[in-house]
Amino acid sequence: MDKRINYLIGLDTETCNGFCMEDGKLDLTQSLVYDIGWAVTDKRGNIYKTRSFVVADIFCGMKDVMKSAYYAEKIPMYWDDIKSGKRQLVSFWKMKKTFMDDVKEYGVKNIFAHNAGFDVRALNNTIRYVTKSRFRWFFPWSIEIWDTLKMARQTIGKQKTYQKWCAVNGYLTKHKKPRPQLTAEILYRYLTNDNDFKESHTGLEDVLIETKIMAHCIRQHKKMEKRLFVKI
């Protein structure tokens with residue numbers, strides 16, 4: 001491991017809705033993580049390690065809730081991937097320990113995700129569910145979280161070429177004054193000039209495209225606010 005490199009971790013989660021409240025009822029507006037993938041990378045987008053975990057506490061322990069997951073049709077695929085070794089079925093705590101081990105091994109101080117607020121909330125929800133709120137926060141306070149959606153909005157989203165490309169291809173929002181879409185899928189189509197690209201909506205695979213988005217934003221050498229939470 002080259003200690004001169006500033007290592008980062010990019011992560012992505014897939015979730016189902018069903019947070020168990022103290023009275024035993026489910027709050028279906030809250031997300032729980034059943035799939036998480038991450039990659040140890042650098043600002044240039046070079047990949048040094050990848051992880052892909054299926055969280056048994058949710059995937060196996062909440063089968064009824066899993067049936068209502070947005071991508072429930074992928075459940076058989078996950079079992080195939082687990083059997084082949086492509087993904088590992090582990091407990092939430094095994095996953096979290098592995099994550100923190102990777103953070104320590106590579107001296108990671110920055111985590112990034114696309115629309116990072118969603119992943120942070122989902123991981124916090126899940127740790128609260130698994131521990132009955134004994135532990136409430138997934139990330140240590142020493143970790144700074146970057147949001148590549150925020151980064152893309154300040155760089156790629158401001159470029160006239162991107163704005164024109166979105167207009168030509170119909171990738172505009174439905175606001176009263178339409179704006180270019182900045183989803184990971186649309187951004188990746190632009191960066192690769194591949195209009196047929198479809199996002200996998202599985203943790204690790206989505207991390208790999210979000211890593212390219214992060215690296216592209218950094219290469220613009222523009223002043224931008226990367227942090228999800230701005231400390232005062």
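The shown structure was predicted, so the numbers you read here are calculated from the model rather than taken from an experiment.
No donor-acceptor pair under 3.5 Å is formed between the side chain of Asn46 and the backbone N or O of Thr41. Put simply, the side chain of Tyr7 gets close to the backbone of Asp2: a donor and an acceptor are under 3.5 Å apart. At distances below 3.5 Å, not a single donor-acceptor pair connects side-chain atoms of Asp194 with backbone N or O atoms of Arg189. In this structure, Gln181 contributes its side chain and Leu172 its backbone to a donor-acceptor pair below 3.5 Å. Without hydrogens or angle criteria, Gln154 side chain to Glu225 main chain gives a donor-acceptor distance under 3.5 Å. No donor-acceptor pair closer than 3.5 Å links the side chain of Asp12 to the backbone N or O of Gly37.
Hydrophobic clustering, with ILVMFWY side chains joined whenever heavy atoms are under 4.5 angstrom apart, keeps Ile36 apart from Trp146.
Between Met151 and Thr155, the shortest heavy-atom distance links the atoms O-OG1, 2.8 Å.
Residues Ser31 and Asn125 have side chains that never bring a donor and an acceptor to within less than 3.5 angstrom of each other. Between the side chains of Thr131 and Arg128, not a single donor N or O lies within less than 3.5 Å of an accepting N or O. Side-chain atoms of Thr202 and Ser200 form a donor-acceptor pair, as typed in the model, at a separation below 3.5 Å.
By the ring pair (Phe, Tyr, Trp, His ring centres under 6.0 Å) test, Tyr162 pairs with Trp165, Tyr190, sequence neighbours left out. Every residue meeting the side chain to side chain donor-acceptor pair (under 3.5 Å) condition with Gln159, not counting sequence neighbours, appears here in chain and number order: Gln220.
Phe99 has its ring centre less than 6.0 Å from the ring centre of Phe138.
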Can you check side-chain hydrogen bond (donor to acceptor under 3.5 Å, both in side chains) on Asn6 and Asp42, steps first, answer last?
-> CA-CA 6 Å; Asn6 178 21; Asp42 59 26; over 6 Å; no
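Heavy atoms from other residues, nucleotides or ligands lying under 6.0 Å from NZ of Lys49 number more than 12. Remark: Lys74 NZ is packed, more than 12 non-hydrogen atoms of other residues, nucleotides or ligands lying under 6.0 Å away. Atom CG of Asn193 has 12 or fewer heavy atoms from other residues, nucleotides or ligands within 6.0 Å.
Between Tyr78 and Tyr34, the ring planes lie perpendicular to each other; the angle is over 60°, past the 30° to 60° tilted range.
Note that the CD atom of Glu73 and the NZ atom of Lys67 stand 15.5 Å from one another [nearest 0.5 Å].
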